[in-house]
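The structure appears below as structure tokens.
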Amino acid sequence: MNEIKDKVIIITGASSGIGEACARELVDRGAKVMLAARRADRLEKLANELSSDGSAAGYHETDVTKKDQLEQLAAATLEKFGRIDVLVNNAGLMPLSPLEKLKLDEWEQMVDVNIKGVLYAFAAVLPKMLDQGSGHIINVSSVAGHVVFPGAAVYCATKFAVRAFAEGIRQESKGRLRSTIISPGAVDTELTDHISDEDTKEAMGDIVAIAIKPDAIARAVAFAVEQPGEVDINEIIVRPTKQDL
């Protein structure tokens, strides 16, 4: 049986990278997706590519740091598709820098997007999922949520937080929800574009060189979603075979 077919899936950070790859993979497997990100032009283009008649894909311009916009996203999904089966909490930023550089604005931005955005999206979909009696929260963390490395202390902290929150969902939902943590290693996305510290950006060169394509993460997401309801895939780490970290 195709456990993905006709499931309604919200994907944040869907305008590029892992989010876009997830949308393509899941629609290919029969899901209906609501795409969310700040870049509405990219969302519109992707939605049209995925579903020319709009039956399998919709989009909603969303800034995950704004609680009301995530509430509007959930409402728009319900209006279009009638239910919410899966949330892929994918939106994230990675402006790495040494702590001594004191890039407080970037620290705050990471906390707002990588932690608060995850919490706000979860809060927006939870009532409907509980009302349905089922739901699946997929939180995208990182290998940086498993180990701390120089230049990434704040980013690592946010990703450790995502893993802790995902485990809390699993424990508190008492079987009503499924909770999955996906921890990518080096992936060819726009994340490194956010690094303003030139020394750190240069040091990331070796990691960028071995990065895998986002569709590898999309397949991991699909694997978690496609399991029967009594199976909860709690954690998956996907990294390049050549990556040490």
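- The nearest pair of heavy atoms linking A47 to A57 is O-CB, 3.9 Å.
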side-chain contact (heavy atoms from CB on, under 4.5 Å) between D85 and Q132: does it pass, once the steps are laid out?
-> CA-CA 9 Å; D85 296 300; Q132 292 170 175; 4.2 Å; yes
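- Residues I4 and L35 share a single hydrophobic cluster, defined by chaining ILVMFWY side chains whose heavy atoms lie under 4.5 Å apart.
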Under the salt bridge (Lys or Arg N to Asp or Glu O under 4.0 Å) rule, what do E61 and R38 come out as? Steps first, then yes or no, please.
-> CA-CA 5 Å; E61 183 178 353; R38 292 179 298 171; over 6 Å; no
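- Counting non-hydrogen atoms of neighbouring residues, nucleotides and ligands closer than 6.0 angstrom, the CD atom of Q171 exceeds 12 such neighbours.
- Of the N and O atoms on the side chains of S51 and D53, at least one donor lies less than 3.5 Å from an acceptor on the other residue.
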Please step through side-chain contact (heavy atoms from CB on, under 4.5 Å) for the pair L93 and Y155, ending with a clear verdict.
-> CA-CA 8 Å; L93 293 173; Y155 178 71; over 6 Å; no
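- For the atom pair CD1 (I236) and CD1 (I217), the distance works out to 9.5 Å, reported to the nearest 0.5 Å.
- Taking all atoms of both residues into account, the shortest heavy-atom contact from T192 to K201 is O-CE, 3.6 Å.
- Here the side chain of E25 pairs no donor or acceptor atom with the backbone of D215 at under 3.5 angstrom.
- Formation of a donor-acceptor pair under 3.5 Å by the S141 side chain with backbone atoms of R163 is not found in this model.
- Considering CG of L96 and CZ of F149, their distance stands at 5.5 Å, rounded to 0.5 Å.
- Counting heavy atoms from C-beta on, the side chains of V143 and Q243 come closer than 4.5 Å.
- For T180 (side chain) and A224 (main-chain N/O), no donor-acceptor pair under 3.5 Å exists by modelled atom type.
- Heavy-atom minimum distance, F160 versus V148: CE1-CG2, 3.9 Å.
- Judged by distance alone, with hydrogens and angles left aside, the side-chain atoms of K80 form no donor-acceptor pair with the main-chain N or O of M34 at under 3.5 Å.
- The hydrophobic clustering, which links ILVMFWY residues whose side-chain heavy atoms are closer than 4.5 Å, places I137 and V221 apart.
- Side-chain contact between K128 and V125 is absent, with no heavy atoms from C-beta onward closer than 4.5 Å.
- Contact annotation: the side chain of V113 never approaches that of V118 to less than 4.5 Å [non-hydrogen atoms, C-beta and beyond].
- A distance of 15.5 Å separates CG of L73 from NZ of K66, quoted to the nearest 0.5 Å.
- In summary, K101 and D197 engage in a salt bridge, as defined by a charged side-chain N under 4.0 Å from a carboxylate O.
- Residues I181 and V225 fall into different hydrophobic clusters, defined by Ile, Leu, Val, Met, Phe, Trp and Tyr side chains chained together at heavy-atom separations under 4.5 Å.
- Looking only at atom types and distance, the side chain of H146 has a donor-acceptor partner in the side chain of E235 under 3.5 Å away.
- When side chains are defined from C-beta on, H136 does not count as touching L87, because their heavy atoms never get closer than 4.5 Å.
- Judged purely by distance below 3.5 Å, without hydrogens or angles, the side chains of D112 and T65 never pair a donor atom with an acceptor atom.
- Under 3.5 Å, the side chains of K103 and S196 contain a donor-acceptor pair of N or O atoms.
- In this structure the side chain of I233 reaches within 4.5 angstrom of the side chain of V231, judged on heavy atoms.
- Of the possible donor and acceptor atoms, one in the side chain of Q69 sits under 3.5 Å from a partner among the backbone N and O of D63.
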Before giving the answer on side-chain contact (heavy atoms from CB on, under 4.5 Å), spell out for I9 and K32 the whole-Å C-alpha distance, their side-chain angles and the decisive distance to 0.1 Å.
-> CA-CA 6 Å; I9 304 175; K32 299 176 181 179; over 6 Å; no
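- Of the possible polar contacts, none joining the N139 side chain to the V162 backbone as a donor-acceptor pair under 3.5 Å is found.
- In this structure, I11 CD1 and I18 CD1 are separated by 11.5 Å, a value rounded to the nearest 0.5 Å.
- At distances below 3.5 Å, not a single donor-acceptor pair connects side-chain atoms of R170 with backbone N or O atoms of S179.
- Cluster membership check: M129 does not share its hydrophobic cluster with V88, using side-chain heavy-atom separations under 4.5 Å among Ile, Leu, Val, Met, Phe, Trp and Tyr.
- Here the side chain of D131 pairs no donor or acceptor atom with the backbone of P127 at under 3.5 angstrom.
- A distance of 11.5 Å separates CD of Q72 from OG1 of T77, quoted to the nearest 0.5 Å.
- Taking every heavy atom of both residues into account, A91 and N114 meet most closely at O-OD1, 4.5 Å.
- Residues A124 and A74 come closest through the heavy atom pair O-CB, 3.6 Å.
- Note that CG of N89 is 13.0 Å distant from OH of Y120, once rounded to the nearest 0.5 Å.
- For the 3.5 Å distance criterion, the side chains of S15 and R39 qualify, holding a donor opposite an acceptor.
- Contact between T189 and P214 at its shortest, heavy atoms only, is CG2-CG, 4.2 Å.
- Within 6.0 Å of CG in N48 there are more than 12 heavy atoms belonging to other residues, nucleotides or ligands.
- No chain of hydrophobic side-chain contacts below 4.5 Å, direct or via other Ile, Leu, Val, Met, Phe, Trp or Tyr residues, connects V111 to M94.
- No side-chain donor from either of R178 and S173 sits under 3.5 Å from a side-chain acceptor of the other.
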Show your reasoning for whether side-chain contact (heavy atoms from CB on, under 4.5 Å) applies to E20 and L46.
-> CA-CA 8 Å; E20 178 182 345; L46 178 58; 3.8 Å; yes
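- Considering only heavy atoms from C-beta on, S134 comes within 4.5 Å of R83 through its side chain.
- The shortest side-chain heavy-atom distance between S183 and V238 does not fall under the 4.5 Å cut-off.
- At least one donor-acceptor pair closer than 3.5 Å links the side chain of N90 to the backbone N or O of G13.
- No side-chain heavy atom of I10 sits under 4.5 Å from any side-chain heavy atom of V86.
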